[in-house]
Structure formats: C-alpha cells, structure tokens
Amino acid sequence: MTYPLYEAKNEIVSKLKSALLKLNYTGEIKLEIPPTGLGDFAVPCFSFRSKIKKSPNEKANDIIKIFEKSVWIEKIEVKGAYINYFLNKETLKISTFKSISKEKEKYGYLDRKKEKVIVEHTSANPNGPLHVGRARNPIIGDTIVRIYKAAGYKVESQFYLDDMGKQVAILAWGVNNLDSKQIPKTKYDKPDHNTVGYYQISSKLLKENEEISKQIGLIVKKSEEGDKKTIDNVHSAYAPVLEGINESLKRINITIDNYIPESNFVKDNSSNKVVEILKTTKYCGFEEGAYYLDMKPFGIKGRNTNFFFLRKDGTTLYATRDIAYHLWKANHADILINVLGEDHKLESKQVEIALKLLKVKNIPKVIFYSFVSLPGGKMSTRRARVVYLDELIDECFNIAYNEVKKRRGKEISEKKMKEIAEIVGIGALRYNIIKVQPEKDIIFKWEEALNFEGNASPFIQYSHARACSILSKNQDEIKDVDPILLNNISEENLIKSLAKFPLVIEEACDSCRPHNIPSYLFEIASQFNKFYRDCPVLPEKNKYLRNARLALVNATRIVLKNGLEILGIAAPEEM
RNA sequence: GGGCGCGUGGCCUAGCCAGGAUAUGGCACCAGCCUUCUAAGUUGGUAGUCGCGGGUUCGAAUCCCGCCGCGUCCGCCA
C-alpha cells in the first residue's frame, strides 16, 4: 500500500532532484516540516553547491523558477533560504479519506516484511512481584512489540527466565525450609505476593547465618552444574511468582509469547560450547583456574576490565549463559531487540563483544531505561522498600473509578463504571510511562502518575469516546462523502495530521522511539477537540457537509483506535 | 579514579542521532467559555541565561572539548 504523504514526498524529492540536475547544483535533499503557516514541507537550500557563488536564497529562487505544479504541489514559496511547499489540499483530503476508509483497522500499518523480530523484555528475577522501579521494562517492551507488528514484522516476545541465580536459590531455600507461619500476610492474595516473604526472610537469614549461606550456595552450584532435581526444585519455588507476574502483566494488556529458562543453555551444553570457543581467542586470560576475556582492547574501561566467563570450579556465569542465549536467539530471528535496565549496560556490552568473537552477525539492539525511583531513593525488593506494580495498577483504577463516578454516576451502572475505570486507569498508567524517553530518569510521584488531565491517556480515550458518541447518535447512512467540503481550518489541520500516521509508525519503529506514538495521538486528539469546537456535526443542516464531517469523525476514530492499540491501551466507546 | 546515560520556565516534557526560520507541549497559577454532538474539553495570559565555560560554523538546545550536578556500572553476583 502507498500512503498519501509518501506519494507527496516522493513527488517533491524526484522533482527537486531533476531541478538540481538541470541547474548543476549538488547536495543532499532534506525534507523538513516547517513552522505552522509556512507550508507542509520545506527544503533548506544552505547545503546546495553550485559553480557560481550564490546565496541560499538565490539558489532557492533558481529552483522554484523551474519547478512545475503537479498533482500534489499546489504552491511553492521561497522564504529566506527555504523552499516551502504547500500541498494540494484537495488531493490530500481525497486520498487521505480514501486510504483510511480502505484500510480501516489496518490504516497506518506498514507493508508486511519478511524479517522476524525477537523482543526480549521484562526478564525480571522471579523472586517477587514486579515493582514500579522496573515497571518501564514490560511497558516499553510490549510497546516495541506492537510497533514492530504495526510496521509489518513478525514479532515474538521473550522473557529470559533467570532460574539459576542466587536470587531464585534464596527463594527456593526459603520455600524449602521456612514455615508458612513465619511469612507475614500481604495485602494482596496473589501467588507472587504470597511467595515474596520467603525470599525476604531467607535473604535476611543468609546474612546472619553462615550455614544457611552455604546451603544456598549449594543450590546455586548444583543448578549451574545442571542438576535436574535442583533445577526442578527451584522451578517449583518460583513458579507461583511467575504466575503472579503474569497476572499483573495481563492486567496491563501484556502477554509474553515465550519464557526461556536460563538453565536451557546449561542443559543443552551450549554455554560450555561458548566457553570452549572463547578460550581459544587471543583475548582469553587465565587466573587461578578461572577464565576471562580482556576487555581493554575493546574500549572497556574501569577498575577491572576482565570479563570472567568460567569459574575455577568449572561452572559458567550468568553472562556466559546469556551469550549462549543470544547465540540461540540469533539463529531464530533476523532482528533482536532487548529492553534492559541501565544496570545492564556493561554486561550487555560484554555479551556483544563475545558474540562478535563468536562470529555472530545478528547483534541485538538494546533499549536501556533508567530506573523509576521514589522521592527518597531507589526501590529494593530485599529491603521491602517498594511500590509494587499491583499497587500502582489498583491506585490508577481507584482514581479512574472516582472520576467516572463523579461524572457519570447517575447515568450508568456500577458494572459499566468499573469497566470504564479499568480501561482508563490502565491506559493512564501505560501512557504515562511510555510518553517519556526510556533513558530519562523518573522519580515516581503518585500525584503525577495519576494525573488524568492534559497530555495523558484519558484525554485521548475521551476524544475517541466523543467520536463514537457522535457516530452512534447518527441514524443516517454516511454516503456521498465529499471531503473537499471540509475547508474549515480545524478540519484541514485534522486531516493533515491523520495523513501523517504511517510516517509516525515508520519513524517510531526505525529509530526505536516508542514515545513518538503518544505525542502523535495527543496531537490528533487536540485537533479533534478543536474541530469539535468549531464544526458542529450532527446539527449541521447541509447534508453533504454533515456527511463529510461524519466521515471525518469516523476517520479520526479509526486513527485514535489504531494508535491506542499500538500502545496497548483500550479505546472506550463511552467514558 | 574511570566508563556510560541524563540536565530545557516553579514541576514534567518534545526537539538532539541526520545543526537552520519566533525552542514543543502538558501540570500548576491568573482571566474567560456549558439553553447547542459527554467541560476528562476549549480560548487567552504570566513564566525560559536550553546545567556552566570554551570551540567549530554564515548559523548551535542540537556537533567537539573542559567543568559541575544527578543516575548507573566497573564481582570467579545476577
């Protein structure tokens, strides 16, 4: 499928190319979006070179002299060093309407591609419920999954399950040795919350009691040696935690396609194969029976640049198994994306270097996010200084519920109010996290997380509900739609923005910027509300104009719904 | 000590990768707009040395160098 603005851009670029050729100008063509009122596309002429010395303004004038009008270009202007292009409004209106009404729930989505993508995200230690500190991970990850799907890729999400480490060993020891009476009751009757107490108590005991510390160490060692009984025992300890995590994720519209246990790569011996190859590289070093790679030649700096991949007792380390996992992933997909906390930056770099030494071509693209911290500092499951994701979800629901009750309490049923509150609350949560660039620090403040006004999901959902409300009140068939009749400035701006949707998806995907989607949807919702203010739809007497406006409302509804879908946020028909 | 990331009105944030036209929007605050399609909306206003100092350039929030602040990492942990 070819979307309207792609046609327009192609036309400008190809005409510009031939103009430059004729004039003997050289240089790269950059299409920009100019400030409001100066046209739809702009080309700066600073960088064009010519034999005779001329100012950018003179060059721009030379170019537009030989530029012909066309289907897409209605007007060309020179302002300073810029050529400003004004699109033919009729062409834009007609083709945008045609495109949206043809593609419907697929509008904006890009052509199917052959490549398969694996997105690894969340991968939390299954020792307790997800907390807000790492809550960005599933939300960023799942949004990336949805963006890549919208961009036409086949996508699989994976949760790398750390079933061998010390964290799960501590948990397993607790489950095996502690009496359930010792475990404090939690306010959530959920398997992950019911289990985390074992972890918290045994990690306290671990510090105080050397014998316990030894026993936990033994669990780790046996796991790493691939002892099936131990691995199964650990599995039954963390299984309820994982079940609880899954439940929470499901509530915020996230499902993981596959859980990949770390122990797989010990069982199948692939981590040992990684060790054998790494040992043969010239960067390999040996220290008291343990093996490492010297990372200095690869630009890694710090107190200690040795990257150990084999202990003196012959067992592998977390990073070694991670390398084996990536080796496996590289053979199962064309594009790999990892969503990781910023604490994994060094490890991720070490894995990347090792993969290159193993001649792996398919190196993952990694999105690092900064931790969400509390006003007093960072969160910690061990010290029980946490806000759990479940608490945040419930708070979002409660606030949303109060809002719905305040506004609609007299009109709609309790059940309906709860449905709406769930949709609005979850939306607010996901939107608030995804609208900020992953690498920015977030200090978690309840009043900000739960602000439902302005640039927040309820605003967008509300606009969608408004559109649905208008459409549901219309009894007549929407036919003979003539978009050319829509010449109010609010209508024209809205149509232009609707036309941009595919470009936004492409950009969000190519540059891995999930936060582009929320800002685009905010733009659409704002413009729709301005249209709503300026252009009455149902009361409009002229039936042709009324039909065209109804079609515009429907087109907006489609874009809002499709866009919210990419964010994993439901689009309610009423609020 | 070193590496990496971040620093934009009182608070939050876009733009930075690919330098370019009056720096984007939101929250809060002030003043308006509901007998008309849901006011979770909308109009206007107050508010900015783009952390600081240099440099490159016709032009720097954007690129380069130095410094400051915050986060994070530098385990035979995960």
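Below, chain A is the first sequence line, B the second, and so on; all start at residue 1. As a basis for the values below, the full set of heavy atoms in this structure was taken, side chains included, without hydrogen atoms, waters or symmetry mates.
- Of the charged side-chain nitrogens involved, at least one lies within less than 4.0 Å of a carboxylate oxygen, so that A:Glu403 and A:Lys406 count as a salt-bridged pair.
- When heavy atoms are screened at a 4.0 angstrom cut-off, A:Lys349 is found touching no nucleic acid atom at all.
- Aromatic ring orientation, A:Tyr520 versus A:Phe501: parallel (interplanar angle below 30°, classes split at 30° and 60°).
- At the heavy-atom level, A:Glu224 lies under 4.0 Å from the strands shown only through sugar-phosphate atoms.
- Comparing atom distances between the A:Lys30 side chain and each of B:rC74, B:rA18, B:rC76 picks out B:rA18 as nearest.
- Looking at heavy-atom distances under 4.0 Å, A:Ile300 makes no contact with the nucleic acid at all.
- Seen from the ring of A:Tyr532, A:Arg466 counts as a face-on cation partner, given the 6.0 Å and 45° thresholds.
- Residue-level contact check: A:Glu32 touches neither bases nor backbone, having no heavy atom under 4.0 Å from any strand.
- Across all strands shown, A:Gln461 has no heavy atoms under 4.0 Å from either base or sugar-phosphate atoms.
- Minimum heavy-atom separation, A:Asn451 to A:Glu453: OD1-N, 3.0 Å.
- Judged by the 6.0 Å distance and 45° axis criteria, A:Lys345 is positioned over the aromatic ring of A:Phe368.
- Shown here, B:rC74 is classed anti by the O4'-C1'-N9-C4 or O4'-C1'-N1-C2 angle, which is more than 90° from 0.
- Under a 4.0 Å N-O distance rule, the pair A:Asp163/A:Arg321 does not qualify as a salt bridge.
- Residue A:Ser469 is classed as a base contact, given a heavy-atom separation below 4.0 Å to a base.
- Once rounded to the nearest 0.5 Å, the distance linking OH of A:Tyr401 with NZ of A:Lys418 reads 5.5 Å.
- Of all nucleotides listed (B:rA78, B:rU38, B:rC74), B:rA78 comes nearest to the side chain of A:Arg321.
- B:rC12 and B:rG7: their P atoms are spaced 12 Å apart (whole Å).
- Remark: B:rU42 base-pairs with B:rG32; criterion is Watson-Crick or G-U wobble with both hydrogen-bond distances under 3.5 Å.
- Across all strands, A:Glu523 comes closer than 4.0 Å to no nucleic acid atom at all (heavy-atom distances).
- Comparing A:Tyr532 and A:Ala525 by the nucleotide of RNA chain B whose heavy atom lies nearest to each, the residue mapping closer to the 5' end is A:Tyr532.
- Using a 4.0 Å heavy-atom cutoff across all strands shown, A:Pro34 reaches at least one base atom of the nucleic acid.
- Under the Watson-Crick or G-U wobble criterion, with both distances below 3.5 Å, B:rG10 is paired with B:rC27.
- Comparing B:rG71, B:rU38, B:rA78 by their nearest atom to the side chain of A:Glu262 picks out B:rA78.
- Not a single donor-acceptor pair, N or O on each side, falls under 3.5 Å between the base of B:rG2 and the side chain of A:Arg303.
- Of the P atoms belonging to B:rG19 and B:rG26, the separation is 29 Å, rounded to the nearest Å.
- A:Phe459 comes within contact range of the sugar-phosphate backbone alone, with a heavy-atom separation under 4.0 Å but no base atom that close.
- Across all strands shown, A:Asn125 has heavy atoms under 4.0 Å from sugar-phosphate atoms exclusively, and none from any base.
- The side chain of A:Leu538 has B:rC37 as its nearest neighbour among B:rC37, B:rG2, B:rA39.
- Side-chain proximity of A:Lys301 to B:rU38, B:rU42, B:rG2: nearest is B:rG2.
- You'll find that the side chain of A:Pro35 is closest to B:rU22, out of B:rU22, B:rU72, B:rA28.
- Residue side chain A:Arg546 does not reach the base of B:rC37 through any donor-acceptor N/O pair under 3.5 Å, judged by distance alone.
- Among the protein residues, A:Gly165 comes within range of the sugar-phosphate backbone only, with heavy atoms under 4.0 Å from sugar or phosphate atoms but none that close to a base.
- Candidate nucleotides B:rC73, B:rC4, B:rA14 were compared by shortest atom distance to the side chain of A:Lys345, and B:rC4 ranks first.
- Nucleotides B:rC30 and B:rC73 are separated by 47 Å at their C1' atoms, to the nearest Å.
- Both A:Glu342 and A:Asp162 lie close to RNA chain B; mapped to their nearest nucleotides by heavy-atom distance, the more 5′-ward contact belongs to A:Glu342.
- Under the 30°/60° scheme for interplanar angles, the aromatic rings of A:Tyr325 and A:Tyr160 are found to lie parallel.
- Judged by Watson-Crick or G-U wobble contacts below 3.5 Å, the nucleotide B:rG71 has B:rC4 as its partner.
- Rounded to whole Å, the separation between the P atoms of B:rA23 and B:rG69 comes to 31 Å.
- Picking from B:rC73, B:rC37, B:rC77 the nucleotide with the shortest atom distance to the side chain of A:Pro536 gives B:rC37.
- Heavy atoms of A:Ala42 sit under 4.0 angstrom from at least one base atom.
- One C1' atom belongs to B:rU43, the other to B:rC34, and the distance between them is 14 Å to the nearest Å.
- Taking atom C1' in both B:rA47 and B:rU13, one finds a spacing of 16 Å when rounded to whole Å.
- The residue A:Asn84 sits close to a base: some heavy atom pair falls under 4.0 Å.
- Across all strands, A:Glu439 comes closer than 4.0 Å only to sugar-phosphate atoms, never to a base (heavy-atom distances).
- Of the listed nucleotides (B:rG1, B:rG25, B:rU38), B:rG25 has the atom at the smallest distance from the side chain of A:Phe522.
- Set against B:rC74, B:rC27, B:rU38, the side chain of A:Ala465 has B:rU38 as its closest nucleotide.
- A gap of 43 Å separates the C1' atoms of B:rU42 and B:rC58, to the nearest Å.
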